[in-house]
Chemist: 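Sharing a structure with you now.
Computed from heavy atoms alone, side chains included, the values below leave out hydrogens, waters and symmetry copies. In what follows, chains are A, B, ... by sequence order, proteins preceding strands, each numbered from 1.
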Number of protein chains: 2
Amino acid sequence: MTTKKERGKASITLIDVAKHAGVSPMTVSRVLNNLSIVKSATREKVLSSVEELKYSPNQAARSLASGRTTRICLLYGNPSSAYLGELLLGALEAVGKLGFQLIVNRVPEDISPDTLKKDLHSTWDGLIIPAPISDVAGIRRLMDAEGFPAVFLESGGVEGRAHEIGIDDFQASKDMTDFLIGLGHKRIGYIQGHPNHRTSVLRQAGFEDSVSKAGLPFGGELMTPGFFTYRSGIEAGLQLLKSDNPPTAIFASNDDMAAGVLAAASELGLKVPRDVSVVGFDDSPIATTVWPNLTTIRQPLSEMTEQAVRLLSEIINEGNNNVIPKTTSLLDYSLIKRESASAPIS
Amino acid sequence: MTTKKERGKASITLIDVAKHAGVSPMTVSRVLNNLSIVKSATREKVLSSVEELKYSPNQAARSLASGRTTRICLLYGNPSSAYLGELLLGALEAVGKLGFQLIVNRVPEDISPDTLKKDLHSTWDGLIIPAPISDVAGIRRLMDAEGFPAVFLESGGVEGRAHEIGIDDFQASKDMTDFLIGLGHKRIGYIQGHPNHRTSVLRQAGFEDSVSKAGLPFGGELMTPGFFTYRSGIEAGLQLLKSDNPPTAIFASNDDMAAGVLAAASELGLKVPRDVSVVGFDDSPIATTVWPNLTTIRQPLSEMTEQAVRLLSEIINEGNNNVIPKTTSLLDYSLIKRESASAPIS
DNA sequence: CTGAAAGCGCTTACAG
DNA sequence: CTGAAAGCGCTTACAG
């Protein structure tokens, strides 16, 4: 058990802050919770006392007194998904600091907005909706119409209609393509993502922007459809590799497909990266499982959920769902170089 | 926010229970927390009132009054591990009900017990240690010596020295082998697990028990070493498949290696399961990513952490670390039949 | 073995 | 815009 004495900050209470700021405890509470309007001079005093004393509220007292707990729900589609672990990690971290409760709810990946609508207000105070659920049509509209605090993750968001957190898929895709070009590849095949996902469009656009600026060929037999699955990666890989003038590098728009390309190459007796370079996107567990390990783009998943929880906290505290502007916030990604890509031998 | 009125049970308090049982609130508290000895008649009365009223303590009040929070820490080795998500799911569920705090801590997979010892008592109240960290030598001894509440997961536990939760690896392995035999396979290759993991020994023993009872050949060129990695699976697969008298089925003792065998087969131009059946163990995400999907053994990971948290709660409540007997508790597993195994064509 | 009192650190509801 | 009082549901420390 962690007693008060063992914890550093725990001894500083709201009363201490009130004394330090020369106001009543009630005023401190009001400032901290955006409850009603506080004169801005008073507000500043309180805030600086909070800062100076490094006060952090006791969540147990808060929820006991108010009789309420803030419940943040993280939706997920697949319990054995590679993403889930990292998403939970970040959410857990933030939720712990804020004294919120984290609920984790499995829903069908193609859940209808109506199904979601039922338990919205009665069950949760805020929702985190990661891909691929964030791509379900109508969910943004529902949240907007209901005025319900919700943050969408890694869906290549539509600016202005919802709170979104992701990475710049277009730029990341360009970076990966430029990396391949920098290696010396002049003929690069591309495997598209699932047509229903907005990120697919962005990643492909990034790729095309890059190759066309470099004056390299693209489209036609160098562009193959895919569905973000391993199996579609095998088929696309086979198709690309068996063509008359096969590419020296293949950019699969996610890791599962890139792993599939590896399988296709091996089926054709081709060595990666000696005979063909293969790169993916996502840095999912399979990237470091297969051999050779995949060069790929890493998304900061746990950071995304961490920020999502913080954002939800702000939105909920405001009371009015429209105070915090609905924008897309882009986090840093990284290009991770591993063994699956190298310069072409030619 | 969830107010008291919205929640069903929230209105029944300890005071209600005390009245109902005709005792003081203090006595109820004592019964609930195993604090000091309560006359067993009184105890029964209280317990039945708790039951009848469906009382569940308000955790916020509890931790405010006591000034303490119970912190359960889940150790993990790899944030992008397939396991992590499901482990967290179960832990989160149980922790929410008990009003505990869940901390999640990354440690090196070969962490030394001494490193762990430092923050033990000062940082956590209980520890959940899943594989492969649970296989690190000396950790059990440390927990035992420190009298620290800890539960070990999926490590094919040593009875009596620690609290362990897992599945019967021996029997599960036998089941899988029997399944292959039932399909008609008479020559089954086996890929061993990492030699440092206790589960490797158990799985291999189960396999050998099964094939020897069926009068089938085993050992020799049908038994190959592996390290639970995809890459070692490729090598082992290649070795088995290239032998003079290759097996018609290969049992890889985890999914990553089974996926490697798939790659090996494809490299040799062999179709799975037509030319060779391949099965794994664990039902990790890769099992449903690769094609064909792997027939494998599924462990109830989230159930394991759920039980682990409950067990820790009991241990912590007892105050004395030796009251709850240190045993290995075995949960149900399941054999999941997918596309990678079929009857041999012969 | 059991109880009456005080208080944990906040917020609600009411004044002003 | 700000404050004094009461209380959230438990547990601690003290009696008996």
Side-chain angles (χ1 to χ4, degrees), chain A residues 1-7 9-46 49-50 53 55-70 98-100 316-317 319, chain B residues 1-7 9-46 49-50 53 55-70 98-100 316-317 319:
Chain A
M1 315 284 179
T2 310
T3 69
K4 284 160 286 172
K5 287 163 196 167
E6 286 165 20
R7 298 166 66 172
K9 307 180 189 175
S11 46
I12 292 149
T13 72
L14 185 148
I15 310 251
D16 298 325
V17 176
K19 281 181 190 151
H20 185 101
V23 297
S24 75
M26 201 46 244
T27 300
V28 178
S29 173
R30 268 191 274 259
V31 170
L32 260 26
N33 296 292
N34 292 302
L35 271 184
S36 58
I37 299 155
V38 177
K39 203 162 62 176
S40 74
T42 324
R43 187 189 184 79
E44 294 311 322
K45 264 194 305 184
V46 170
S49 291
V50 165
L53 299 178
Y55 167 70
S56 88
N58 178 319
Q59 297 301 338
R62 179 176 266 186
S63 66
L64 175 57
S66 68
R68 50 185 73 189
T69 313
T70 303
L98 293 164
F100 289 2
I316 292 165
N317 268 334
Chain B
M1 316 284 179
T2 309
T3 69
K4 284 160 288 171
K5 288 163 197 167
E6 286 165 19
R7 299 166 67 173
K9 308 183 193 176
S11 44
I12 293 152
T13 72
L14 186 148
I15 309 251
D16 298 324
V17 176
K19 280 182 190 151
H20 186 101
V23 298
S24 76
M26 201 46 245
T27 300
V28 179
S29 174
R30 268 192 274 261
V31 170
L32 261 26
N33 295 293
N34 291 303
L35 271 185
S36 58
I37 299 158
V38 176
K39 203 162 62 176
S40 73
T42 323
R43 188 188 184 80
E44 294 311 321
K45 265 194 303 183
V46 170
S49 292
V50 165
L53 299 177
Y55 167 70
S56 88
N58 179 318
Q59 296 301 337
R62 179 175 267 186
S63 67
L64 175 57
S66 68
R68 50 184 73 187
T69 314
T70 304
L98 292 165
F100 289 1
I316 292 165
N317 268 333

Chemist: Apply side-chain contact (heavy atoms from CB on, under 4.5 Å) to A:S29 and list each qualifying residue two or more places apart in sequence or on a separate chain.
Modeler: A:L14, A:M26, A:N33

Chemist: Name each donor-acceptor pair under 3.5 Å that joins a side chain in residues 37-44 of chain B to protein atoms two or more places apart or in another chain, with its distance.
Modeler:
residue : atom : partner : partner atom : Å
B:T42   : OG1  : B:K39   : O            : 3.4
B:R43   : NH2  : B:N34   : OD1          : 3.3

Chemist: Rounded to the nearest 0.5 Å, how far does NE2 of B:H20 lie from CD1 of B:I12?
Modeler: 10.5 Å

Chemist: Calculate, to the nearest 0.5 Å, the distance between atoms CG and CG belonging to B:N58 and B:L64 respectively.
Modeler: 9.5 Å

Chemist: Whole angstroms only, please: what is the CG-P distance between A:D16 and C:dG9?
Modeler: 9 Å

Chemist: Return the value, rounded to whole Å, for the distance between atom CG of A:L64 and atom P of D:dC8.
Modeler: 9 Å

Chemist: Name the pairs: protein N/O against N/O of nucleotides 10-13 of chain D, kept only if under 3.5 Å.
Modeler:
residue : atom : partner : partner atom : Å
D:dC10  : OP1  : B:Y55   : OH           : 2.7
D:dC10  : OP1  : B:N58   : N            : 3.3
D:dC10  : OP2  : B:L14   : N            : 2.7
D:dC10  : O5'  : B:Y55   : OH           : 3.1
D:dT11  : OP1  : B:N33   : ND2          : 2.9
D:dT11  : OP1  : B:R62   : NE           : 3.1
D:dT11  : OP2  : B:S29   : OG           : 2.5

Chemist: Can you tell me if the side-chain N/O atoms of A:T27 get under 4.0 Å from OP1 or OP2 in D:dG3?
Modeler: yes

Chemist: Taking only residues two or more places apart in sequence or in another chain, which ones pass side-chain hydrogen bond (donor to acceptor under 3.5 Å, both in side chains) with B:T27?
Modeler: B:S24

Chemist: Starting at NZ of B:K19, measure out to CG of B:L53 and round the result to the nearest 0.5 Å.
Modeler: 11.5 Å

Chemist: Looking only at non-hydrogen atoms, find the nearest pair between A:G99 and A:Q59 and report the distance.
Modeler: CA-CG, 3.4 Å

Chemist: Mind pulling the stems DNA chain D is in, i.e. runs of at least three Watson-Crick or G-U pairs, everything under 3.5 Å?
Modeler: C:1-3 with D:14-16, C:5-12 with D:5-12, C:14-16 with D:1-3

Chemist: When the distance from NZ of A:K19 to P of D:dG3 is rounded to whole Å, what number comes out?
Modeler: 15 Å

Chemist: Where do A:L32 and A:V50 land on the side-chain contact (heavy atoms from CB on, under 4.5 Å) test, with the steps shown first?
Modeler: CA-CA 9 Å; A:L32 260 26; A:V50 165; 4.1 Å; yes

